[in-house]
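Both backbone and side-chain heavy atoms feed into the values below; hydrogens, waters and symmetry mates do not. Letters A, B, ... mirror the listed sequences (proteins, then strands); counts begin at 1.
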Amino acid sequence: MKCSIPKGTRDFLPAEMARRNYIFDTIRQVFRSFAFEPIETPSLENLSTLMGKYGEEGDKLLFKVLNSGDFMEGVDFGQDYRKVAAQICERGLRYDLTVPFARFVVQHRDQITFPFRRYQLQPVWRADRPQKGRYREFYQCDADMIGSTSLLNELELVQMIDAVFDKLGISVTLKINNRKVLAGIAELIGAPDKLTDITTAIDKLDKISLDDVRAELRDRGLSETQITALDPVFALSGPAEEKLAQLAQLFANNAVGTRGVEELKELFGYIALVQPRCTVELDLTLARGLNYYTGAIFEVKAQGVSIGSICGGGRYDNLTGIFGMPDVSGVGISFGADRIYDVLTELDKFPPDLGQPAQVLFINFGAESMPYCIRCAAQLRSAGVSALIYPEAAKMKKQMEYANRCHVPYVVFVGENEIASQTLTVKDMATGTQTTVTPDQLLQEILHA
RNA sequence: GUGGGCGUAGUUCAGCUGGUUAGAGCGCCAGAUUGUGGAUCUGGAGGUCGUGGGUUCGAGCCCCACCUCCCACCCCA
């Protein structure tokens with residue numbers, strides 16, 4: 001039979017896992033250093049938890065799971081497929097980690113101390129068509145703080161982004177904007193209900209021309225005067241402080257916009273204090289599709305690699321409100337581990353010495369030497385050194401080739417002489433040099449290498 | 001969901017305007033080399049040419065459908 005895996009999913013070989021774990025370990029280390037605690041949530045959520053949280057597109061991209069048993073009972077299959085789906089699928093695979101986290105907070109509020117900081121490294125699923133940097137199953141690495149409106153949280157997220165990509169050796173640009181500013185702009189031109197249309201159109205400004213954005217706004221139902229009214233926004237220029245000063249004037253009579261500008265001023269003030277290594281920009285064209293963001297929004301792009309954003313996030317003021325716990329603000333970021341993997345691969349920035357199954361391989365010369373080998377291997381392992389006895393008394397060449405291919409740095413030979421003298425003949429596979437030492441000496445050499 | 005490209009050995013690919021028995025590099029297995037890997041040499045195994053249908057005396061090659069992977073759009077990590 002022919003075997004395969006579903007479209008957009010992947011197997012990971014040991015060498016890939018070593019690299020993936022390097023990314024996960026780096027991110028986890030940074031999260032912990034900022035006092036975040038881990039949680040996990042189930043792959044499956046009730047669809048009622050997920051539907052309607054990600055916009056119209058998001059609902060389409062949700063993987064829905066068919067009910068168990070006779071899912072056809074009492075269902076009218078003559079109606080619209082979406083209505084049928086709603087009746088025969090009660091659960092779906094999670095689309096991101098933020099919405100399940102909001103559900104988690106509401107459900108476990110009695111066991112959580114606020115402000116609560118959690119991190120979560122788990123796969124999410126989207127029924128998207130796969131392409132470069134886009135998978136149907138991929139890992140997100142989220143850190144969120146909930147129960148605090150302080151912009152110090154935003155600052156810490158910026159510092160974490162800076163720390164992670166600095167450790168990974170990726171040069172990145174962090175783009176920051178604020179949804180309140182975008183909302184202010186929408187109000188300013190008299191189209192507050194068109195906020196989503198305006199933001200998604202403006203979001204494309206780095207891909208398509210200003211005229212094309214205007215055309216798209218026209219298609220989305222904005223009048224010519226409204227589109228013209230956006231011109232001062234497109235005309236903004238200069239460093240963050242200048243843009244914000246210009247915006248503040250535009251928003252003289254607009255409360256939401258003014259609040260957004262104030263938040264950005266405060267955040268950029270903090271950022272100036274910490275001097276991040278990455279490039280930080282105020283990008284008023286940054287919108288982000290997820291419609292639950294209400295304040296700061298973040299997006300990170302790798303410099304010199306044409307792949308989508310590798311990290312994104314923002315503040316959401318009322319995500320828990322949907323689940324019956326209003327007035328709890330949260331802010332968080334999500335690192336896209338798979339895209340970071342692709343970036344590191346393209347830039348050839350992975351450390352070269354990742355993934356080495358065994359540090360020591362004992363060559364198998366037959367049953368007589370096994371008791372001694374077993375004892376020595378056990379001693380190495382209990383000291384934290386990974387050791388392996390070749391399971392068959394195969395030809396030397398085969399065993400050596402195995403060691404070579406698995407990148408085992410030390411190969412041990414045990415024959416009559418070694419057993420008699422309670423020593424090991426050790427070959428350093430990189431240099432080819434061979435020495436006879438006691439098991440203790442080998443241990444010390446490896447531990448201090 | 002829309003549009004484009006690809007699919008031949010484990011893998012990367014070649015295969016002429018349609019014409020005998022579909023090739024190469026790498027990898028794999030064995031040997032040269034019975035306590036020493038990477039290098040070299042020799043030999044060997046391995047393919048329903050993505051799947052199904054059609055055109056033809058004859059299809060890896062042409063036509064249709066489906067599938068996969070890749071790329072772009074939409075959207076996003």
[X] has an atom [atom1]; how far is it from atom [atom2] of [N], in whole Å?
{"X": "A:F101", "N": "B:A77", "atom1": "CZ", "atom2": "C1'", "result": "19 Å"}
{"X": "A:I170", "N": "B:A77", "atom1": "CD1", "atom2": "C1'", "result": "13 Å"}
{"X": "A:D219", "N": "B:C74", "atom1": "CG", "atom2": "P", "result": "13 Å"}
{"X": "A:K7", "N": "B:C66", "atom1": "NZ", "atom2": "C1'", "result": "12 Å"}
{"X": "A:L424", "N": "B:G35", "atom1": "CG", "atom2": "P", "result": "19 Å"}
{"X": "A:D128", "N": "B:C73", "atom1": "CG", "atom2": "C1'", "result": "11 Å"}
{"X": "A:E418", "N": "B:G35", "atom1": "CD", "atom2": "C1'", "result": "9 Å"}
{"X": "A:M400", "N": "B:U36", "atom1": "CE", "atom2": "C1'", "result": "5 Å"}

What interatomic distance, in whole Å, is found between [atom1] of [M] and the corresponding atom of [N]?
{"N": "B:G46", "M": "B:U11", "atom1": "C1'", "result": "13 Å"}
{"N": "B:A32", "M": "B:G37", "atom1": "P", "result": "13 Å"}
{"N": "B:C69", "M": "B:C76", "atom1": "P", "result": "23 Å"}
{"N": "B:G53", "M": "B:G43", "atom1": "P", "result": "41 Å"}
{"N": "B:C13", "M": "B:G47", "atom1": "C1'", "result": "14 Å"}
{"N": "B:A9", "M": "B:C49", "atom1": "C1'", "result": "10 Å"}
{"N": "B:C62", "M": "B:G7", "atom1": "P", "result": "10 Å"}
{"N": "B:C63", "M": "B:C70", "atom1": "C1'", "result": "24 Å"}

Base, sugar-phosphate alone, or nothing: which one does [X] contact when heavy atoms must sit under 4.0 Å apart?
{"X": "A:G58", "answer": "nothing"}
{"X": "A:G366", "answer": "nothing"}
{"X": "A:C311", "answer": "sugar-phosphate"}
{"X": "A:Y135", "answer": "base"}
{"X": "A:G415", "answer": "base"}

Can you find a donor-acceptor N/O pair under 3.5 angstrom joining the side chain of [X] to the base of [N]?
{"X": "A:R126", "N": "B:A77", "result": "yes"}
{"X": "A:K427", "N": "B:U36", "result": "yes"}
{"X": "A:Q434", "N": "B:U36", "result": "yes"}

Which base, if any, makes a Watson-Crick or G-U wobble pair with [N], both distances under 3.5 Å?
{"N": "B:G3", "value": "B:C71"}
{"N": "B:A30", "value": "B:U42"}
{"N": "B:C62", "value": "B:G54"}

Choosing from [options], which nucleotide comes nearest the side chain of [X]?
{"X": "A:K397", "options": "B:A32, B:C75, B:A77", "answer": "B:A32"}
{"X": "A:E57", "options": "B:C74, B:C76, B:G37", "answer": "B:C74"}
{"X": "A:R129", "options": "B:C76, B:G35, B:C71", "answer": "B:C71"}
{"X": "A:K398", "options": "B:G31, B:C29, B:A77", "answer": "B:C29"}
{"X": "A:F413", "options": "B:C74, B:C69, B:U36", "answer": "B:U36"}
{"X": "A:E401", "options": "B:C71, B:G35, B:G37", "answer": "B:G37"}

Give a yes/no answer on whether the side chain of A:Q131 brings an N or O atom under 4.0 Å of OP1 or OP2 in B:C71.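 No, A:Q131 has no side-chain N/O under 4.0 Å of OP1/OP2 on B:C71.
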Closer than 4.0 Å, any side-chain N/O of A:K395 to the OP1 or OP2 of B:G31?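 Yes, within the criterion.
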Assign each of A:E299 and A:R134 to its nearest nucleotide of RNA chain B by heavy atoms, then name whichever residue's nucleotide is nearer the 5' end.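 Looking at the nearest nucleotide for each, A:R134 comes out on the 5' side.
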Would you kindly compare A:G336 and A:I5 by the position of their nearest RNA chain B nucleotide and give the one closer to the 5′ end?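 Per heavy-atom nearest nucleotide, the more 5' residue is A:I5.
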Assert yes or no for the condition that the ring centre distance of A:Y390 to A:F362 is strictly below 6.0 Å.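 No: the rings miss the under 6.0 Å criterion.
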Are A:M145 and A:F36 packed together at the side-chain level, in the sense that at least one heavy-atom pair is separated by less than 4.5 angstrom?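 With C-beta onward as the side chain, the pair touches.
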Determine the interplanar angle of the [X] and [Y] rings, folded into 0 to 90°, and report it as parallel if under 30°, tilted if 30 to 60°, perpendicular if over 60°.
{"X": "A:Y293", "Y": "A:Y316", "answer": "tilted"}
{"X": "A:F116", "Y": "A:F104", "answer": "parallel"}
{"X": "A:Y95", "Y": "A:Y54", "answer": "tilted"}

Flag this pair as yes if the NZ/CZ of A:R136 is under 6.0 angstrom from the six-membered ring centre of A:F63 and inside a 45 degree cone about the axis; otherwise no.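 Negative - A:R136 is either too far from the ring of A:F63 or too far off its axis.
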Within 45° cone and under 6.0 Å: A:R103 NZ/CZ vs A:F323 ring: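 Cation-pi check for A:R103 and A:F323: fails.
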A:Y139 on top of B:A77's base, within under 5.5 Å and under 30°?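 A:Y139 ring does not meet the centre or angle cut-off for B:A77; no stack.
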For the side chain of A:N177 and the backbone of A:L284, is there at least one donor-acceptor N/O pair under 3.5 Å apart?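 Yes, because the side chain of A:N177 sits within donor-acceptor range (under 3.5 Å) of the backbone of A:L284.
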